[in-house]
K.L.:
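Here it is, the structure, as C-alpha cells.
Computed from heavy atoms alone, side chains included, the values below leave out hydrogens, waters and symmetry copies. By convention in this document, chain letters (A, B, ...) are assigned in the order of the sequence lines, proteins followed by strands, and residues within each chain are numbered from 1.
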Amino acid sequence: MNPVNYLYLSALLFTIGASGVLIRRNAIVLFMCVELMLNAANLALVTFSRLHGNLDGQIIAFFTMVVAAAEVVVGLAIIVSIFRTRHSASVDDTNLMKL
Amino acid sequence: MNALIPVLVAAPLAGAALLLLGGRRLDAFGHWLGVVASTASFVAGAVLFFDMLGRSTADRPVHQHLFSWVPVGGFRADVGFQLDQLSITFVLLITGVGSLIHLYSVGYMAHDERRRRFFGYLNLFLAAMLLLVLADNYLLLYVGWEGVGLASYLLIGFWQHKPSAATAAKKAFLVNRVGDVGLSIAIMLMFTQFGSFAFGPVFGTAHTASEGKLTAIGLMLLLAACGKSAQVPLQSWLGDAMEGPTPVSALIHAATMVTAGVYLITRSAAIFNLAPDAQLVVVCVGAVTLMFGAIVGCAKDDIKKALAGSTMSQIGYMVLAAGLGPIGYAFAIMHLVTHGFFKAGLFLGAGSVMHGMDDEVNMRHYGGLRKYMPVTFVTFGLGYLAIIGFPGLSGFWSKDRIIEAAFAKGGTEGWILGGVALLGAAITAFYMTRVMIMTFFGEKRWQPNAEGHEPHPHESPSVMTLPMVVLAIGSVFAGGLFALNNAFLHWLEPITGHSEGNAPLGSLTISGLTLLCVAVGVAWSWAVYGRQPVPAVAPVGSALTRAARRDLLQDDFNHAVLVRPGEYLTRGLVYGDTKGLDGFVNGLAATIGGLSSRMRRMQNGFVRSYALSMFGGAAVLVATTLLMRSV
C-alpha cells in the first residue's frame, strides 16, 4: 500500500481536529480534538519515518505521546477546577481574559 | 601701601553685605553705616593718591595680583587690581562724589521706610563701579560692568510700587544687556586673537593683530560703551531711568556709571589707536548723541529729564573726544571729572527743589523759587554756569579743550566735528538757561498737588545742602585747577598719550567762538522764556518740539524696528510650534491611539478566536515557507 495514503489520512484527521477546536464549545470535546490533532501529527511523523527509512520520526512520535500525556494531566485538572467553580464546561463562558 | 587697594572695593562691599543681610536691627543707623563705608573707601583712595603723587612718573602705576580665579589648563583668569593715574582719577571721582551723595541721601530718603536697603544698593553700586575701574583685565572689568548694571536696575526700580519705575528699570536692564553682549563678544575676540584678556598682554601685542580684527574688537567695545553710556542707538533708557530716586540719578545716571563707556574707550586706547575706522564710528556716535541729547533737553518740561538729556549730550562730548584718539583722551576724562561735579550738583539741586515742592517735577509748575531756596539757587546756579562754560568755571576749561581737539582732528572732519561741538555748546546754553529761568525766575506757577495742598517751598536740611555746596565748589574750581599748567593732561599723559593735532584755528579764536555761541544760546533762551511769562501748560509747539518731547521718537523707532518685528517673529514661531511640531506629534499619538482601540476589539476573550488566529498564522507561515522554497 502506498505510504502517501497515510499522509492523506493524517491531513484529514488534523483537519477534523482543528475544525473541532474551532467550532465545539464543550471543553472535553475540545480537548479530544486537540488529541486528534496531536495524533494526526504522530501519524505523519511515523509515515515520514517509513518513507525516508530512518527512525527519527518514530522517536519524535514517542516524545509527542509523552508530552501529550503530560498536557492531558494539566489540561484535565484545569477543566475540572473550572467546572467546580462555574458548573459549566463551555469554553465560551470563560471569556474574562479580554480588555 | 598696595594692601590698601583691595580696601577700596572691600569697604563698600562689606557695607552692602551688612545692610542687605543685616535685617531690621540695622534700620536705626544703617544709613550712617553706608556713609561710613563709602567714606572709608574715599579715604583709602585719597591716601593712595597722595602716595602715588610722591612717586616718579614711571613708578606710578602699581599692580596687585590677588588670586587666580579660574586656572584651567592653559586658560587663566586672574583677579588683580591695576592702580594707575587713570584708575585713581576715577576712584577719587566715584568715592568722592559717591560719599557726598550718600550724605545727601540721608536727608533725601529720611522718610522712606526702605532707606537701609537703599543704602545697601548704593554701596553695592560703589563696590561694582570701583571693581570696574580697578580691574587689570577685561573679564574682571566685565564683572564690575554687570555689577553696576544690576545696581542701576535695583535703584531705578527702587520705588517698585510705581509701575512706571518698575518698567523703567526693566527697560534700562534690557537695553544695557544689548551693550553687554558687545563687551562679551569683544572679550572673546581678544582671547582668540591674543590668548589673554589681561590689559598688559592685550595692549602689548595689539600691533600684531590685523586691522580688521582690531576694528571688530573696537566696534564691539563701542557697542558696550553705547549701552552703558546711553549713546545713540542705545540711548533710550536714560530718560526713563529718571524714575529712580534723585540721588541715584545724580550718582549713577549722571556722574559715574554712565561714564563707564568713556572709561572703557580710553582704557582700550591701544586698540582704538590702531583701528582708525572704529575711531571714526566712535566720533560719529559721540557727535550724533551730542546733538540728540541737547535737542531732547530743550523740549522736556520734567526737570530731571531735561537734565538727563543734558547728561546724554555731555557724554556725547566725552565720547567724541575719546574717539579723536590721543588728541582727546585726556580731555575726555577731564570733562568727565568736571561733569561729575557740576552734573551731580545740578541733580542734587533738582532733588532739593523737588523735596521742597512736594515731589513736583514739571518745571512749568515751578517759577520764582530763588527767594525760597537760596542755597539751592546759588549751588544750582554755579553748576549751571559751569555746564554752559562760563569763563573761568570748570565746564569752560574742559569743554573748550574738547572743541579745540575736535577742530584739531584736521581736514573736513575737523571742521564738521568742531562745528557740531560749537553748535552743541550753544544749545547747551539754551536748554540750561531754560531750566534755570523756569525753575528759579519769573512768576510763581505753583499748582496744588493731588490732595489739594498748596506747595510750601522751603530750603532743604543742611545734610542735603552741604553736599550741594561742596559739589558747587568743585564745579567752580576743579576745571581751573586741572587746566593750570595743563596739570591734568600731564597727569594722564603716561597712560593715554597725547598729541596736539593740527588745529586750523588758534586756541583763542576757538575760545572766542565758543563764548559767542554760549552768549547766543543764553540770549535766545532769555528771549523765549525770560522776557515773556512761561505758560503753565505746555504749548503745542512745532513738529520738532513735539518729536523732542517724545525723545526724538526713539521709542517709536525701537518699537517699529525692533519690538514689532520681534513680536511677529515670536508669534510666528509659536504658531509653527503649536500647529506644526505639536500638530505632528499629537497627530501621531492620536493615530496610534485610535488604531490600538480598534485592534483591542480582537481581544474578545473567546479561546476559539485565538485558536483561529494561531491557525491562520501557522498557515501563512507554511505558505510563505513553501513559496520561498519554490522561488
K.L.:
Flag yes if more than 12 heavy atoms outside B:R114 fall under 6.0 Å of its CZ atom; otherwise flag no.
P.N.:
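Atom CZ in B:R114 is crowded, with more than 12 foreign heavy atoms closer than 6.0 Å.
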
K.L.:
Quick one: are A:D92 and B:R608 in side-chain contact, heavy atoms under 4.5 Å?
P.N.:
yes

K.L.:
When you look at OH of B:Y153, are more than 12 heavy atoms from neighbouring residues, nucleotides or ligands closer to it than 6.0 Å?
P.N.:
no

K.L.:
Could you tell me whether B:M602 atom CE has more than 12 heavy atoms of other residues or ligands within 6.0 Å of it?
P.N.:
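No, CE of B:M602 has 12 or fewer neighbouring heavy atoms, counting only those of other groups under 6.0 Å.
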
K.L.:
How long is the span from the CG atom in A:D93 to the CZ atom in B:F606, to the nearest 0.5 Å?
P.N.:
9.0 Å

K.L.:
Out of curiosity, B:F615 CZ to A:M37 CE, how far, rounded to the nearest 0.5 Å?
P.N.:
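That separation rounds to 3.5 Å.
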
K.L.:
Can you confirm whether A:Y6 is buried at OH, in the sense that more than 12 heavy atoms of other residues, nucleotides or ligands lie under 6.0 Å from that atom?
P.N.:
no

